[in-house]
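The structure displayed is predicted, hence computed values, not measured ones. Throughout, a chain's letter reflects where its sequence line sits, starting with A, and its residues are numbered from 1.
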There are 2 protein chains.
Amino acid sequence: MSRRTRSDSSLQGIPEATIARLPLYLRALYALADRDIASVSSEELAAAAGVNSAKLRKDLSHLGSYGTRGVGYDVDYLIYQVSRELGLTQDWPVVIVGAGNLGRALANYGGFASRGFRVAALLDSDPAVIGSVIAGHRVRAADEIERVVSDYGVMIGAITAPAVAAQGICDRLVAAGVTSILNFAPVVLSVPDGVDVRKVDLSIELQILAFHAQRRSVVRVLHRGEPGVGVAASNGSPAAAKRTLALDGDGQVRAEAVGS
Amino acid sequence: MSRRTRSDSSLQGIPEATIARLPLYLRALYALADRDIASVSSEELAAAAGVNSAKLRKDLSHLGSYGTRGVGYDVDYLIYQVSRELGLTQDWPVVIVGAGNLGRALANYGGFASRGFRVAALLDSDPAVIGSVIAGHRVRAADEIERVVSDYGVMIGAITAPAVAAQGICDRLVAAGVTSILNFAPVVLSVPDGVDVRKVDLSIELQILAFHAQRRSVVRVLHRGEPGVGVAASNGSPAAAKRTLALDGDGQVRAEAVGS
DNA sequence: CCGACTTTGTGCAAACGTTCACAAGAGCGT
DNA sequence: ACGCTCTTGTGAACGTTTGCACAAAGTCGG
């Protein structure tokens, strides 16, 4: 049991929360390697990655015992181990469907190629865009999804197309054999079991920020002793016109509540 | 008692996980409203948002008792309540720093303006870009951060600049009074207490996908009766292993796995 | 070789999040 | 008014994640 083999950890067992942090550690490790730092303690690495050191140690312990007590972790060795765990020692051809602003941003993204990902093709359905060259790739017709997936052995697809087109594209990707999808369109994709979908939604992130910002401003107002924000008083609510949303004076109730 | 007031919930209590899902519900609700659907059950709404119905009900219960037993939720009313909770009944001017591909994508993003967010200004430090018009905004010099934040009362900033510039931009935004930051640069930003940072990292999402994709292929290979990935053979010394980075046959494993 | 010092790896408990399962409530037909 | 049906809101069980605190295991100076 001193030597933890891959079967212990990889086959089934690394917590999802840990997986989500490994790329963070990897990035911090590469930054250290660039500065020719050969060894790093959990404390230092944790600081660089913006997490708690105990958490970092526990995360890394899921991969195996790759540190040296009293010393720390060997940077290069850890880079290799984390990369291997994440599957980055191999090359992943990615197809990007949708050559709009987001698709271009993705294709041009530097951190893309540098970590084992390679743009296999950039597709779009707009005839005006097809044929143009973006980030060194000639944009191909969206019709070619199946051919591209098959020709390049693509297993990862990024959908950067408009929301209405997303599900259709997704279906075609899946039918063609893609099992991992990165979805930028603001829709919930439905996929068969065994297909992994991750979503990135800019609007959602902004809304979460707005929530906290609003909370802060309400608190601040209270601390200054002002009664309420007076936002719900008259205006604003989308539904207010349609329905009798008279309600309890929300701004005030909320204001009083947050105060404590 | 029976009527749960906002004080119960907002006081200090909505779980972060719930907040993160509210925008999802909101999107689903708007889709329903567009189809003139007036009422929806937790089951239906949950399906539309891609979550479990019990979770949805518990999430909504944190906002208050806005449903009707035996019937469901009134779509318009719930839209209003969720919007209010998220702070979307007011307008949020956002400054975007970095007018590269990502900044343009963000500025052009439709779901942006439609939910209470408004691009106050688009900034860049490249003289070649300053002055050009993107999504109806004349790009201004990055030097104007302080002026823009002050003039428009900006509380949210999006950093779409290169990684090396991100921390500097962040510091200036914070100094100017911005308390919510959406960071697209692949760096860990350090900010004083009270400032909220959310990050979107395309590369991290891809790496997480790669992990699962790799896992799938390894598992599939193993199920076909192959013993194991021959890596545990090497001994435990980091120093020794550091030099022997002889890769186990990853390419093969993957190639075989692809055929499903 | 030893003792002081450093840092990892992990047992444990608390916090947090998810899911089940069902009582309580609301509408509806008779 | 009553019982039937439907759906919410939530207590309780369960699983996951975090963070503390410390033993184990290493380095290093003398």
Contacts of B:R198 meeting side-chain hydrogen bond (donor to acceptor under 3.5 Å, both in side chains) (sequence neighbours excluded), chain-then-number -> A:E205

Any N/O pairs under 3.5 Å between the protein and nucleotides 3-5 of chain D? List them or say none.
none

By side-chain hydrogen bond (donor to acceptor under 3.5 Å, both in side chains) - contacts of A:T160 (at least two apart): none

If you assign B:G72 and A:R57 each to the DNA chain D nucleotide with the nearest heavy atom, which residue ends up on the more 5' nucleotide? B:G72

Could I get the full list of side-chain contact (heavy atoms from CB on, under 4.5 Å) partners for A:A163, not counting sequence neighbours? A:P186, A:V187

Heavy atoms of A:S61 and A:K58 approach each other most closely as OG-O, 2.7 Å

Using whole Å, report how far CD of B:E43 lies from C1' of D:dG9. 14 Å

Filter on side-chain hydrogen bond (donor to acceptor under 3.5 Å, both in side chains), then keep only pairs touching residues 181-196 of chain A, sequence neighbours left out; what's left? none

Sequence neighbours excluded, which residues qualify as side-chain hydrogen bond (donor to acceptor under 3.5 Å, both in side chains) partners of A:T18? A:D59

Rounded to whole Å, CG of A:L56 lies from C1' of C:dG9 at a distance of 12 Å

With a 6.0 Å cut-off on ring centres, are B:Y73 and B:Y66 close enough? no

For residues 178-190 of chain B, pull every pair meeting salt bridge (charged side-chain N to carboxylate O under 4.0 Å, His left out), keeping only residues two or more places apart or in separate chains. none

Which residue lies toward the 5' end of DNA chain D, B:Y73 or A:K55, if each is placed at its nearest nucleotide? B:Y73

I'd like to check the salt bridge (Lys or Arg N to Asp or Glu O under 4.0 Å) partners of A:R27; sequence neighbours left out, ordered by chain and number. B:D201

Checking D:dT17, D:dA21, C:dT8 against the side chain of A:A54 (C-beta onward), the nearest is D:dA21

Which parts of residues 20-28 of chain A get close to DNA chain C, meaning a heavy atom less than 4.0 angstrom away? none

A:E16 has an atom CD; how far is it from atom C1' of C:dC16, in whole Å? 17 Å

Report the distance from atom NZ of B:K55 to atom CZ of B:R21, rounding to the nearest 0.5 Å. 4.5 Å

B:N52 side chain, from C-beta outward: closest of C:dT19, D:dG19, C:dT8: C:dT19

Output a table of nitrogen or oxygen pairs between the protein and nucleotides 12-15 of chain D separated by less than 3.5 Å.
from   : atom 1 : to    : atom 2 : distance (Å)
D:dA12 : N6     : B:K58 : NZ     : 3.1

Would a 4.5 Å heavy-atom cut-off, applied to side chains only, mark B:Y77 and B:S39 as touching? no

Quick one about A:T89 and A:R84 (side-chain donor to acceptor, distance below 3.5 Å, no hydrogens or angles considered), yes or no? no

So, OP1 or OP2 of C:dT8: does either fall under 4.0 Å of a side-chain N or O from A:S42? yes

Applying side-chain hydrogen bond (donor to acceptor under 3.5 Å, both in side chains) to A:N52 and not counting sequence neighbours gives none

N/O-N/O pairs, protein side and nucleotides 25-30 of chain D side, under 3.5 Å:
from   : atom 1 : to    : atom 2 : distance (Å)
D:dA25 : O4'    : A:R69 : NE     : 3.4

